[in-house]
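Chain naming here is simple, since letters A, B, ... match the order of the sequence lines and numbering starts at 1 in each.
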Protein chains: 2
Amino acid sequence: MQQSVAEPRLFEPVEREPAYTRVAGAIETKILARELREGDPLPTETELAQQFRVHRSTVREALRRLESAGLITRPPGAKRMVVSRPAAAQLASGMRHALVLHDATFVAVWEAMMVIEPEVAALAAQRRTQADLAMLIAAHEAFKASPKGDPHAVEIVAQFFEILGAASRNQVLVLAKQSLTRALAPSLLKMIDTVPQARSRIADAQRRIIVSLKEKNVEEARRWMSKHVRDFKRGYEVAGISPDTPISA
Amino acid sequence: MQQSVAEPRLFEPVEREPAYTRVAGAIETKILARELREGDPLPTETELAQQFRVHRSTVREALRRLESAGLITRPPGAKRMVVSRPAAAQLASGMRHALVLHDATFVAVWEAMMVIEPEVAALAAQRRTQADLAMLIAAHEAFKASPKGDPHAVEIVAQFFEILGAASRNQVLVLAKQSLTRALAPSLLKMIDTVPQARSRIADAQRRIIVSLKEKNVEEARRWMSKHVRDFKRGYEVAGISPDTPISA
DNA sequence: CTGCGTCGGATTGTCGGACAATAGGACAAC
DNA sequence: GTTGTCCTATTGTCCGACAATCCGACGCAG
C-alpha cells in the first residue's frame with residue numbers, strides 16, 4: 001500500500017509466464033470481450049487442451065484460476081463449467097480477506113460506511129421503486145420479528161443494506177458496499193447481543209429510512225442513514241469493543 | 001444482483017466439495033488466522049500433497065486458486081510460493097472484471113467517485129503528513145510536465161488519487177477507490193486527449209486540493225475534489241462521450 | 001404426450017509416475 | 001567480494017489411467 005512517485009528501472013524482469021497463466025489469460029480475454037457470454041458452457045477440458053496444445057492438467061490449473069476469479073462457475077449439480085459474472089459475494093469475500101490481512105480496524109470500515117451509506121440512501125430516495133419499498137419493509141418486519149439473540153438478525157440487517165443498495169440503482173456502489181457490511185457482520189453480531197437497546201435503535205432507524213424513501217425525501221434519508229451508521233459505533237463503544245479491533249476472520 | 005427477502009428450501013444441495021477446494025480452504029484458513037504469515041514460504045507441493053494425502057496435481061489446483069485470490073504469490077524469479085496479502089491492484093482488477101461484465105456504465109462509476117473521493121479528500125486534509133504533501137506535489141509536477149497526448153498522463157492522475165487515498169489513512173477507502181480510478185482510466189485517456197482544456201483544469205484542481213490539504217482546510221478539500229470529479233463528467237460531455245458508455249475491457 | 005427407469009458414452013476429479021528446466025545453496029577460483 | 005561450477009530439490013508440464021457421475025437417448029407405462 002506504499003508507493004513512490006516514480007521508480008525507473010533499466011530492465012524489466014524477463015517475461016516467463018507459465019502456460020497455465022497464459023491459458024487463463026486467453027480465456028479471460030474472451031470472456032471480458034463477451035465472445036463467451038454468461039451462461040455459455042466452456043469447451044470440455046480435453047478440447048481446450050487440444051486447442052491450446054497443452055496437457056489437460058495445465059488447462060485445469062487455468063480453470064481453477066478463472067473459477068476463483070468468479071469468471072466461471074459450475075451450476076450446482078452440473079458437470080461442465082459455464083461462463084459467469086463475478087458474484088458480488090465473491091468480490092466481498094476477496095475484499096474481506098484483504099481487509100483482514102491488511103489489519104483493517106473496525107473504525108476504518110465504519111468510516112468507509114459513513115462515507116458511502118448515507119449517499120446510497122440519498123440516491124435510493126430518488127430512485128426507489130414500489131418494489132424496493134416492499135422489500136425494505138419486508139426486511140424491516142423480519143428484523144423486528146427475529147427473536148432476541150438470533151444470529152440470523154445480523155443477516156437481515158445486512159440484507160436491509162443490500163436492498164437499499166439495489167434501490168440506489170448503482171451497481172458500483174452496491175459492490176463496494178457489500179464488502180463493507182460483510183466485513184462488519186461478525187462483530188456486529190456480538191455488539192447487538194451485548195447492547196440491549198441496539199435492536200430497537202436499529203429498528204427505529206430502519207423505519208425512518210423507509211419513510212424517507214417513501215416520501216422521496218433525499219435529505220432525510222441521508223440524515224437518518226448517517227444516524228443509523230453512527231449508532232453502530234456508539235454500540236461498539238457501549239459494548240466496550242475497541243474501535244481499533246481488527247476485522248476478524 | 002437481484003435478491004429476495006427470504007427463500008427457505010426444504011433441503012440444502014448435498015455437499016460434494018472436490019478435494020482441491022478443501023485443500024485451498026484449509027490453507028486459506030491458516031493464512032487468515034495468521035498461522036502462516038506474510039512472506040512465509042509455503043511447504044513444497046510434494047510436502048503438501050503428503051500432508052493432505054492427495055496427489056500433487058490436486059495440490060497445484062488448490063494453489064492456483066489461492067494464487068488467484070492473491071493470498072500467495074511468487075516473488076519475481078523465485079521458485080517457491082510465499083504467503084502474501086492481496087494487493088490492492090489485484091482487488092481492483094477483480095472489481096473491474098465485475099464492472100465490465102455487469103455492464104456498469106461510466107456514470108455509475110463516476111457517481112461512486114462523487115460519493116467517495118470528496119470525503120477521502122476531507123479525511124486526507126485532516127490526516128496528511130508532510131511526506132504526503134511532498135508526494136502529491138511531485139505527482140502534480142509530473143502531471144504538468146507530461147507532454148501533450150502522453151498516455152502516461154492518465155497514470156499520473158490516477159497516482160494523484162492514490163496518494164490522496166493513502167493520506168486519508170483509511171485502507172478500506174483506498175481499496176474501494178483504487179478500483180474506481182482503474183476502471184475509469186482507459187476512457188479518461190480518450191477524454192483528456194480530446195478536450196483541450198482538460199489538462200489545465202485538472203492541473204488547477206490538483207493545485208487547489210494540495211493547497212487545501214496543506215492548510216488542513218477540510219471544507220475546501222472536499223469542495224475542490226467535488227469540483228475535480230464533476231469536471232470529469234463535464235469533460236466526457238464535451239468530448240461527446242455518452243455517460244452510458246459501458247466500462248470497456 | 002408426459003413422466004419415469006435404464007443404459008452407454010462423455011467428462012470430470014483424482015491418481016500414479018515421468019522428465020526438463022531452473023532456483024538455491026555449497027564450494028572452489030579469481 | 002565477486003565469479004564460476006556443481007549438485008539437489010522443486011516446479012512446470014506432460015503422459016496415461018480409472019472411478020464416479022452427469023448427460024442425453026431410448027423405451028415403456030400411464
Side-chain angles (χ1 to χ4, degrees), chain A residues 9-28 30-31 36 38-84, chain B residues 9-28 30-31 36 38-84:
Chain A
R9 269 161 314 187
L10 186 45
F11 290 115
E12 297 305 310
V14 55
E15 127 182 30
R16 237 171 358 76
E17 255 185 321
Y20 60 81
T21 303
R22 261 176 294 181
V23 171
I27 301 178
E28 177 184 310
K30 286 258 187 287
I31 294 178
L36 287 169
E38 188 187 3
D40 286 358
L42 278 184
T44 66
E45 297 175 354
T46 327
E47 260 176 288
L48 288 172
Q50 285 167 349
Q51 294 194 24
F52 286 113
R53 303 285 177 74
V54 296
H55 193 257
R56 187 162 78 97
S57 57
T58 304
V59 169
R60 285 178 63 81
E61 293 189 30
L63 293 186
R64 290 298 87 75
R65 167 176 285 233
L66 295 174
E67 188 181 16
S68 161
L71 265 43
I72 62 179
T73 26
R74 187 188 320 288
K79 177 153 271 189
R80 297 175 66 175
M81 304 274 265
V82 303
V83 175
S84 70
Chain B
R9 267 162 315 188
L10 186 46
F11 291 115
E12 297 304 311
V14 55
E15 127 183 30
R16 235 171 357 75
E17 254 184 323
Y20 60 81
T21 302
R22 263 176 294 181
V23 170
I27 302 177
E28 176 184 311
K30 287 255 186 289
I31 294 178
L36 287 169
E38 188 185 4
D40 286 358
L42 278 184
T44 64
E45 296 173 355
T46 329
E47 260 176 286
L48 288 172
Q50 285 166 349
Q51 293 194 25
F52 285 114
R53 305 284 178 74
V54 297
H55 193 258
R56 186 161 79 97
S57 58
T58 304
V59 169
R60 284 177 64 81
E61 293 189 30
L63 293 186
R64 289 300 86 74
R65 166 176 286 232
L66 295 173
E67 188 182 17
S68 162
L71 293 173
I72 62 180
T73 25
R74 186 187 322 287
K79 177 154 270 190
R80 298 176 64 176
M81 304 273 266
V82 303
V83 175
S84 70

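In this structure, the CD atom of B:Gln50 is 10 Å from the P atom of D:dT10, given to the nearest Å. For the pair B:Arg60 CZ and D:dT11 P, the interatomic distance rounds to 8 Å; values are reported in whole Å. Atom CZ of B:Arg64 and atom P of D:dT13 are 9 Å apart (whole Å). Taking atom CZ of A:Arg74 as the reference point, atom C1' of D:dA20 lies 13 Å away to the nearest angstrom. Look at CD on A:Glu67: it is 12 Å from C1' on C:dG13, rounded to the nearest Å. Taking atom CG of A:Leu42 as the reference point, atom P of D:dC22 lies 18 Å away to the nearest angstrom. Look at OH on A:Tyr20: it is 7 Å from P on D:dT13, rounded to the nearest Å. Computed from coordinates, the A:Leu48 CG to C:dG13 P distance equals 13 Å when rounded to whole Å.
Contacts of B:Gln50 classified as side chain to side chain donor-acceptor pair (under 3.5 Å), with partners at least two apart in sequence or in another chain: none. Applying the side chain to side chain contact (heavy atoms under 4.5 Å, CB included) criterion to B:Thr44, with sequence neighbours excluded, gives B:Thr46, B:Glu47, B:Arg80. In this structure, the side chain to side chain donor-acceptor pair (under 3.5 Å) partners of A:Glu38, at least two apart in sequence or on a different chain, are A:Arg85. Residues passing the side chain to side chain donor-acceptor pair (under 3.5 Å) test with A:Gln51, sequence neighbours excluded: none. Evaluation of the side chain to side chain donor-acceptor pair (under 3.5 Å) rule for A:Arg56 yields A:Glu45 as partners, not counting sequence neighbours.
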Could you pull out all donor-acceptor pairs under 3.5 Å where a side-chain atom in residues 67-74 of chain B meets a protein atom, sequence neighbours excluded?
residue: B:Glu67; atom: OE1; partner: A:Arg65; partner atom: NH2; Å: 3.2
residue: B:Glu67; atom: OE1; partner: B:Arg64; partner atom: NE; Å: 2.8
residue: B:Ser68; atom: OG; partner: A:Arg65; partner atom: O; Å: 3.3
residue: B:Ser68; atom: OG; partner: A:Ser68; partner atom: OG; Å: 3.2
residue: B:Thr73; atom: OG1; partner: B:Ser84; partner atom: OG; Å: 3.0
residue: B:Arg74; atom: NH1; partner: B:Lys79; partner atom: O; Å: 2.3

Pairs under 3.5 angstrom, nitrogen or oxygen only, protein versus nucleotides 23-27 of chain C, please.
residue: C:dA23; atom: OP1; partner: A:Arg16; partner atom: NH2; Å: 3.4
residue: C:dA23; atom: O3'; partner: B:Lys79; partner atom: N; Å: 3.4

N/O contacts under 3.5 Å, protein versus nucleotides 4-8 of chain D?
none

Between N or O atoms, less than 3.5 Å apart, protein on one side and nucleotides 14-17 of chain D on the other: list the pairs.
residue: D:dC14; atom: OP2; partner: A:His55; partner atom: N; Å: 2.6
residue: D:dC14; atom: OP2; partner: A:Thr58; partner atom: OG1; Å: 2.7
residue: D:dA17; atom: N6; partner: A:Arg56; partner atom: NH2; Å: 3.3

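For the atom pair NE2 of A:His55 and OG of A:Ser57, the computed distance is 5.0 Å after rounding to the nearest 0.5 Å.
In the helix from C:dC1-D:dG30 to C:dC30-D:dG1, the end axes, each obtained as the rotation axis mapping the C1' atoms of four pairs onto the next four within a five-pair block, lie 30° apart to the nearest 10 degrees.
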